[in-house]
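Everything on this sheet refers to the single structure shown next.
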Amino acid sequence: MKKYILAILLPLLLTACTQNSRPIPENVSLVLEKAGANRSELEKVLDTYQSPEDAEKYDAACFLIGNMSDKCYTGFEVSDTSDNIIGFSALDYPDYTAMTRAWDSIVSIRGKLHQQRIELVYDYEIISADYLSANIDQAFHVWKNNPWTKFLSFDQFCEYILPYRSTNEPLEEWRNYFEEDYAWLKDSLKNESDPVEACKWINNDIKSWFRFDPRFYEHATDLGMTEMTEGKMGRCEDMTNLAIYAMRANGIPVMSDFTPYWAKSGNNHAWNAIMGADGKIVIFMGGESNPGDYRLRQAKAKVYRKTFALQPATLAAILEKGEKAPAYINRNGIVDVTREYVPVSDVELQLDKKAPDTTRFAYICVFNTGEWKAIHWSFIGEDGGLKFTDMGTDIAYLPAYYTDGKIIPAGKQFILTAEGEIAENQADFEKPVTLKLSSTTKRVTTETTDFAEKVFLKEGETYELFYWSDKWISLGKQKASGRPLIFKDIPSGAMYWLINTTPTKDRPERIFTINDEGKQVWW
């Protein structure tokens, strides 16, 4: 009887063992464990590609699943300092100016506003086998059947063609839509092997129907494909995602780079880049400017490239449970590409202030929209030493800690010169100076017809001058009268900041130093 049962069970056991005979990488196993009730959907994808001819597709499935642990849809709402949702919708206003006025009005009543995460849905919890398998099959089809993709290695294919999502947008099918929409592409090319030319054709079409709208700065939830194709507008993040959909659906290797914060102006930015047949990266802006035409003129302290693959050396990957880090640099899927864009230098510092208990990291910040904001990190050495790698030069920086969601100064504010030298800014009260100020930002200085210096200040409004010494310290207020403001007996050698005292959403005023000729140098 036992032999009879064994004879029946043995084929079944062998079938079960060979159902997924290929090895499962450790990172894939970890995601399968996280998936819970949806585990069977992910396993179906692995089972689909068991035959020898599907070896590459199996590896591609492992790439997607193994790097899926942080991939999700994230929804945001505007909230006040108590995390009460305001119910603010940027698109309720006809333009950016009207939206900003409404925002400033709410701030005057409710205090500072911010984007609060209200929804988080991980892909491994909801993604279906049909969706993932279709994505893999379609990605392979465009890779193997288009002449402009022949130069791509498997690893490049996995990073720049295969991924089914770009950021934290809603999960949707987009490959069929854009492959069908650009079915004419191959017939339009002069050089079929040139992915950059193919990119230009598609981007020219996107430019004809999609546009940037600054109102979306306060619509922090990334748009999905349906929202973009129907609404036909979005912010820079949405524009890069749209280009990625359209390009990757046709086998064109496109990615997105970003700076967490501009170094000498407000806000931040994301843009696209394409890998040419020679392996070189060329930047462009989806729906706005083509490869070869696009320029980034603002000062860049840090540039990162988004990746689908999780990067083990990122800050997010080494944070321990309970440790918090600033936004934008707290991501698993980014690599530092600053040296591809600007001259860089490593910054080595010695901490002036003892780190808070259990603090392992320090940060380096640029000044942006009225605040010091973190753009890179360093381990704190046993001797209090820091090393920030590949920092853009000719930029003002501040070393800091990140405690309870706030940036706390950790050392002296300094300028990293164009030569890569550290020049500290320190207020010197022994050598006071008189400052003659006519603007809060960099302006072209001209004279009016009566030979008076032109003033870029709002007459009748009050301005306040500050200098930096571990915090912004006031040097007094003056009301603008159509002439430059004169501040006497001001400490020399400091970093200064002149602001309009009327609260504004963007806080555009820039910091400055005074050079040996008594002129403002803007940072």
Side-chain angles (χ1 to χ4, degrees), residues 95-109 111-113 214 217 261-267 297-299 366-373 394-396 398 413 415 425 427-429 431-469 471-523:
D95 54 40
Y96 181 73
T97 300
M99 185 204 75
T100 300
R101 286 173 181 163
W103 183 283
D104 291 344
S105 177
I106 297 171
V107 167
S108 67
I109 300 170
K112 190 174 180 180
L113 304 180
Y217 283 143
Y261 300 102
W262 292 123
K264 295 185 180 181
S265 58
N267 219 318
R297 303 190 188 282
Q298 294 93 329
V366 294
F367 193 75
N368 186 291
T369 57
E371 299 177 17
W372 292 104
K373 296 183 177 179
D394 194 33
I395 290 168
L398 176 74
Q413 184 271 315
I415 291 166
N425 298 116
D428 186 349
F429 287 87
K431 298 178 180 179
V433 295
T434 296
L435 300 188
K436 180 182 178 182
L437 308 176
S438 58
S439 176
T440 62
T441 60
K442 185 176 183 179
R443 302 283 188 182
V444 177
T445 303
T446 59
E447 291 183 344
T448 61
T449 53
D450 59 357
F451 303 104
E453 184 177 340
K454 187 172 183 180
V455 176
F456 299 92
L457 303 171
K458 294 182 179 179
E459 193 166 347
E461 298 203 4
T462 301
Y463 291 80
E464 187 169 11
L465 178 64
F466 296 87
Y467 76 97
W468 179 263
S469 181
K471 62 181 179 180
W472 289 113
I473 300 173
S474 179
L475 289 165
K477 298 179 181 180
Q478 291 188 27
K479 184 175 289 188
S481 61
R483 295 180 178 276
L485 303 177
I486 306 297
F487 288 87
K488 297 180 179 180
D489 296 324
I490 300 304
S492 61
M495 181 65 74
Y496 308 96
W497 188 34
L498 179 69
I499 69 168
N500 187 320
T501 57
T502 302
T504 61
K505 172 183 175 294
D506 295 324
R507 188 50 71 194
E509 299 94 344
R510 292 305 306 168
I511 56 179
F512 60 93
T513 52
I514 302 296
N515 65 16
D516 293 339
E517 288 76 41
K519 302 293 185 181
Q520 287 173 281
V521 180
W522 298 97
W523 301 97

With side chains defined as the heavy atoms from C-beta onward, is the minimum distance between Trp372 and Ile511 less than 4.5 Å? yes
Whether the side chain of Ser439 engages the backbone of Phe456 through a donor-acceptor N/O pair (distance < 3.5 Å, no angle test) should be reported. no
Using side-chain heavy atoms (C-beta onward) and a distance below 4.5 Å, is Leu437 in contact with Phe512? yes
Could you tell me the separation between the CD1 atom of Ile106 and the CZ atom of Arg101, rounded to the nearest 0.5 Å? 14.5 Å
What is the distance from atom CG of Leu457 to atom CZ of Arg443, rounded to the nearest 0.5 Å? 9.0 Å
Judged by atom type as modelled, is there a donor-acceptor pair below 3.5 Å linking the side chain of Glu461 to the main-chain atoms of Ala480? no
What are the two closest heavy atoms between Arg510 and Trp522, and how far apart are they? O-CZ3, 3.4 Å
When every non-hydrogen atom of Ser265 is compared with those of Gln298, the smallest separation belongs to OG-CG, 3.9 Å
Side-chain (Ser492) to main-chain (Lys431) donor-acceptor, under 3.5 angstrom: yes
Phe429 ring center near Tyr467 ring center (under 6.0 Å): yes
Measure the shortest side-chain to side-chain distance between Glu509 and Leu498 over non-hydrogen atoms and say whether it is less than 4.5 angstrom. no
Is there a side-chain contact (heavy atoms from CB on, under 4.5 Å) between Lys442 and Trp523? Walk through the geometry before answering. CA-CA 9 Å; Lys442 185 176 183 179; Trp523 301 97; over 6 Å; no
Any Lys519 side-chain heavy atom under 4.5 Å of Val521 side chain: no
Pair Ile514, Gln520 - check side-chain contact (heavy atoms from CB on, under 4.5 Å), show working. CA-CA 5 Å; Ile514 302 296; Gln520 287 173 281; 3.8 Å; yes
If every non-hydrogen atom of Tyr463 is compared with every non-hydrogen atom of Lys458, which pair is closest and at what distance? OH-N, 2.8 Å
Can you tell me how far apart CD1 (Ile395) and CH2 (Trp262) are? Round to the nearest 0.5 Å. 10.5 Å
Should Phe367 and Trp468 be marked as a ring-ring contact (aromatic ring centres under 6.0 Å, His included) after you check the CA-CA gap, both sets of side-chain angles, and the distance that decides it? CA-CA 12 Å; Phe367 193 75; Trp468 179 263; 8.1 Å; no
Pairwise distance CG(Asp506) to OH(Tyr96) - rounded to 0.5 angstrom: 3.5 Å
Check: Leu475 and Pro491 side chains under 4.5 Å, non-hydrogen atoms: yes
Nearest heavy-atom approach of Met495 to Ala396 is CE-CB, 3.9 Å
Between Arg507 and Thr502, which heavy-atom pair has the shortest distance, and what is it? NH2-O, 3.5 Å
Which word best sums up how the rings of Phe466 and Trp497 line up, parallel for under 30°, tilted for 30 to 60°, or perpendicular for over 60°? tilted
Testing Leu435, Thr434, Val433 for side-chain contact (heavy atoms from CB on, under 4.5 Å) with Lys488, which one passes? Thr434
Is the side chain of Asp95 donor-acceptor paired with the backbone N or O of Thr97 at a distance under 3.5 Å, no angle test? yes
Do Thr440 and Asn500 have side-chain heavy atoms sitting under 4.5 Å apart? no
Heavy-atom check, side chain of Gln478 versus side chain of Phe487, under 4.5 Å: yes
Examine the side chains of Glu464 and Ser474 and answer whether a donor and an acceptor come within less than 3.5 Å of each other. yes
Six-ring centre of Trp103, Lys505 cation under 6.0 angstrom, axis tolerance 45°: yes
What is the distance from atom NZ of Lys264 to atom OG1 of Thr441, rounded to the nearest 0.5 Å? 14.0 Å
Checking the side chain of Asn368 only, and the main-chain atoms of Ala263 only, is there a donor and an acceptor separated by less than 3.5 Å? no
